[in-house]
Amino acid sequence: MKLREEEIKEQICDIGRRMYQRNMVAANDGNISVRLGEHEILCTPTGVSKGFMTPEYICKIDETGKILEANGNFRPSSETKMHLKVYERRPDVKAVVHAHPMFATAFAICGIELTAPIMPEAVVNLGPVPIAPYATPSTEEVPNSIEGFLADHQAILLANHGALAWGKDLMTAYYKLESLEFYAELLYRTCQLGGARELNQEQLEKLYEVKRKLGL
Ligand code: 13P
């Protein structure tokens with residue numbers, strides 16, 4: 001079902017509230033964007049809590065970052081360059097979310113990738129989550145640092161910063177973020193319990209087969 005622009009703005013606000021309520025962002029952290037068409041992208045404004053947005057907060061930019069619409073003092077997120085890089089490299093992607101979920105960000109700060117195969121869902125639906133090198137937020141360093149990870153992954157960690165996920169629509173992108181955080185917390189907790197028993201090669205091959213059949 002194709003949502004109208006106003007419905008997408010509402011959905012961006014809903015997802016912002018959900019990220020805030022689930023401790024994936026503190027204060028004014030995080031940002032969300034949705035691609036409407038080749039030359040139009042909706043994005044959250046900079047410097048506001050993403051937990052308390054209403055549709056008039058949402059800005060519109062083009063694929064170069066030029067502002068097309070921004071109400072009052074709202075200006076597009078300081079991380080739009082990062083979002084635009086995902087859209088540039090992945091024509092199939094229609095939404096991008098960035099947050100600082102507690103467990104995922106802890107892994108990003110410690111330099112530990114989320115690649116251990118510990119549960120079927122993480123292998124089939126998410127796949128390995130690598131860490132893009134550290135880059136100064138809001139600068140051109142960020143899109144450069146993520147570029148090499150976009151083709152083959154569904155989500156990444158940003159070193160010493162947070163997490164980034166994308167998908168064919170906003171719900172898909174958000175669910176990747178939620179799955180990534182769940183996976184990071186599981187890794188942390190199983191480590192406290194003495195270390196996870198990883199899936200073996202044979203179990204993994206069967207999961208790859210499931211993944212192929214599902215067309216993922
Ligand atoms: P914005 O409010 O500019 O989107 O920045 C939030 C953030 O998390 C930067 O990484």
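As the structure lists them, so they are numbered: ligands from 1, and atoms in each ligand from 1. Values reported hereafter were calculated over all heavy atoms of this structure, with side chains retained and with hydrogens, waters and symmetry mates removed.
- Neither side chain, N31 nor H98, offers a donor N or O lying under 3.5 Å from an acceptor on the other.
- For ligand 1, the atoms lying closer than 4.0 Å to a non-hydrogen atom of T46 are 1 (P), 2 (O), 3 (O).
- Taking the charged nitrogens against the carboxylate oxygens, E178 and R22 do have a contact shorter than 4.0 Å, which makes a salt bridge.
- Remark: ligand 1 atoms within the under-4.0 Å shell around heavy atoms of H161 are 10 (O).
- When every heavy atom of V142 is checked against every heavy atom of T136, the shortest pair comes out as CG2-O, 3.2 Å.
- Aromatic pair Y183/F103: ring centres not closer than 6.0 Å.
- Ionic pairing of E140 and K81 is not present here: no N-O contact between side-chain nitrogen and carboxylate oxygen is shorter than 4.0 angstrom.
- The pair R35-E40 does not count as a salt bridge, with every side-chain nitrogen at least 4.0 angstrom from each carboxylate oxygen.
- At a 4.0 Å heavy-atom cut-off, ligand 1 does not touch R75 at all.
- Listed by number with element, the atoms of ligand 1 under 4.0 Å from a non-hydrogen atom of S77 are 1 (P), 3 (O), 4 (O).
- The protein non-hydrogen atom at the shortest distance from atom 5 (O) of ligand 1 is S78 OG, 3.4 Å.
- When each atom of ligand 1 is checked for a heavy atom of E79 under 4.0 Å away, the hits are 9 (C), 10 (O).
- For ligand 1, one of its N or O atoms has an N or O atom of G47 under 3.5 Å away.
- Where the criterion is an N or O separation shorter than 3.5 Å, residue side chain and backbone included, D29 fails it with respect to ligand 1.
- Of all atoms in ligand 1, numbered sequentially from 1 with element shown, those under 4.0 Å from a heavy atom of H98 are 8 (O), 10 (O).
- I41 places none of its side-chain heavy atoms less than 4.5 Å from the side chain of V34.
- Heavy-atom contacts of N28 reach the following atoms of ligand 1: 2 (O), 6 (C) (cutoff under 4.0 Å).
- Looking at K60 and E5, a side-chain N of the basic residue comes within less than 4.0 Å of a carboxylate O on the acidic one, giving a salt bridge.
- Between G30 and ligand 1, a contact under 3.5 Å exists for at least one N or O pair.
- The residue T44 has no part lying near ligand 1, judged by heavy-atom distances below 4.0 Å.
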